[in-house]
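Since the model is a prediction, treat every value here as computed from it, not as a measurement.
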Amino acid sequence: MEVKHIYLQKIGEFTFEFVDKAGNKGTATAKVNWIGEDFKFNLKEYKTDGKYILGIKAGVKLLKKEGTTVEKFKENIDTNQNLVLIDKDGKTLNDKDIIGTGTILKVGDRLEYTIIVSGDIDGNGMLSTNDLSKIKMHYIKMKILEGNELKAADIDESGKITTNDLSKLKLALIGNAEIN
């Protein structure tokens, strides 16, 4: 049996009949759930760092400034895939929900990223004195941050927590600087 080319133009289930050189007949069924659609996923405003997405703006609790909503986040992504965001506690987020550090972004069934909101160590999408306390405790080695929290605390992306990170967060909390 020789098959040169089969072109499928629509999604569905298809049964193919065939006859081999000895005259034996048979069938094969194929389920097609994806045709010719190129996978597209581009970040307009954000950047990736391995398995992380960075550049999401946090809100500022003391200034009553709202953080980045799922809706706003999605506006800055060009994709033909389904996007699902799940917070650090496992809850699927809706368009009006705020994105915080540790949120998982699932892009179709192919990609998965962890979102890091710079300065948002506690993962609520807002900069607060709680985040400042966590950085200070880490800096004086009283409570060492790890994983997503550590990545969020490295505000200047230097690879370590320094007084520069502390200063940037303090300035952001009083409205004299913005953290990206």
Gap separating the CG atom of N164 from the CG atom of D156, nearest 0.5 angstrom
4.5 Å
Counterpart residues, salt bridge (Lys or Arg N to Asp or Glu O under 4.0 Å), relative to D78 (two or more places apart)
K40
What are the two closest heavy atoms between M126 and D131, and how far apart are they?
O-OD2, 2.9 Å
Would you tabulate the side-chain donor-acceptor contacts of residues 135-152 under 3.5 Å, counting partners in other chains and residues two or more places apart, or write 'none'?
| from | atom 1 | to | atom 2 | distance (Å) |
| --- | --- | --- | --- | --- |
| H138 | ND1 | L145 | N | 2.8 |
| K151 | NZ | D49 | OD2 | 2.7 |

Do L173 and I161 land in one hydrophobic cluster if side-chain heavy atoms of ILVMFWY residues count as linked below 4.5 Å?
yes
Short side-chain to backbone donor-acceptor contact, D165 and I155, under 3.5 Å
yes
Considering only distance and modelled atom types, tabulate donor-acceptor pairs under 3.5 Å from the side chains of residues 99-106, sequence neighbours left out.
| from | atom 1 | to | atom 2 | distance (Å) |
| --- | --- | --- | --- | --- |
| T101 | OG1 | V117 | N | 3.0 |
| T101 | OG1 | V117 | O | 3.0 |
| T101 | OG1 | D120 | O | 2.8 |
| T103 | OG1 | G100 | N | 3.4 |
| T103 | OG1 | G100 | O | 2.8 |

Applying a strict under-4.5 Å side-chain criterion to I, L, V, M, F, W and Y, I'd like to know whether I179 and L63 cluster together.
yes
The complete set of ring-ring contact (aromatic ring centres under 6.0 Å, His included) pairs with one or both residues in residues 151-180, sequence neighbours excluded, reads none
Suppose the criterion is ring-ring contact (aromatic ring centres under 6.0 Å, His included): which pairs have a residue in residues 160-180, not counting sequence neighbours?
none
Determine, step by step, whether T68 and I98 satisfy the side chain to side chain contact (heavy atoms under 4.5 Å, CB included) criterion, reporting the C-alpha distance in whole Å, the side-chain angles of both residues, the deciding distance to 0.1 Å, and the verdict.
CA-CA 6 Å; T68 302; I98 303 295; 6.0 Å; no
NZ (K91) and CD1 (I86) are apart, to the nearest 0.5 Å, by 12.0 Å
Checking A22 now: which residues fulfil side-chain contact (heavy atoms from CB on, under 4.5 Å) with it, not counting sequence neighbours?
D20, N24
Under 3.5 Å side-chain donor-acceptor pair for S128 and N130
no
Nearest heavy-atom approach of S118 to A58 is O-CB, 4.4 Å
If the condition is side-chain contact (heavy atoms from CB on, under 4.5 Å), which residues does D89 pass it with, not counting sequence neighbours?
D87
For K51, look at atom NZ and say whether over 12 heavy atoms of other residues, nucleotides or ligands are found less than 6.0 Å away.
no
Here the gap from L62 atom CG to I174 atom CD1, rounded to the nearest 0.5 Å, amounts to 10.0 Å
Mind checking what makes side-chain contact (heavy atoms from CB on, under 4.5 Å) contact with T48, not counting sequence neighbours?
L43, I53, Y113
Among residues at least two apart in sequence or on other chains, which ones pass side-chain contact (heavy atoms from CB on, under 4.5 Å) with E45?
N76
Considering only Ile, Leu, Val, Met, Phe, Trp and Tyr, and joining two whenever side-chain heavy atoms are under 4.5 Å apart, list the other residues clustered with I116.
Y52, L54
For K65 and E178, run side chain to side chain contact (heavy atoms under 4.5 Å, CB included): C-alpha distance rounded to whole Å, both residues' side-chain angles, the deciding distance at 0.1 Å, then the answer.
CA-CA 11 Å; K65 182 179 170 189; E178 197 165 298; 3.4 Å; yes
Gap separating the NZ atom of K61 from the CG atom of N124, nearest 0.5 angstrom
6.0 Å
Under the rule for salt bridge (Lys or Arg N to Asp or Glu O under 4.0 Å), what residues qualify as partners of K74, not counting sequence neighbours?
D95
How would you list all residue pairs meeting ring-ring contact (aromatic ring centres under 6.0 Å, His included) that involve residues 65-109, not counting sequence neighbours?
Y46-F73
Residue pair T69, K96: steps toward the side chain to side chain contact (heavy atoms under 4.5 Å, CB included) verdict:
CA-CA 6 Å; T69 62; K96 301 299 179 199; 5.7 Å; no
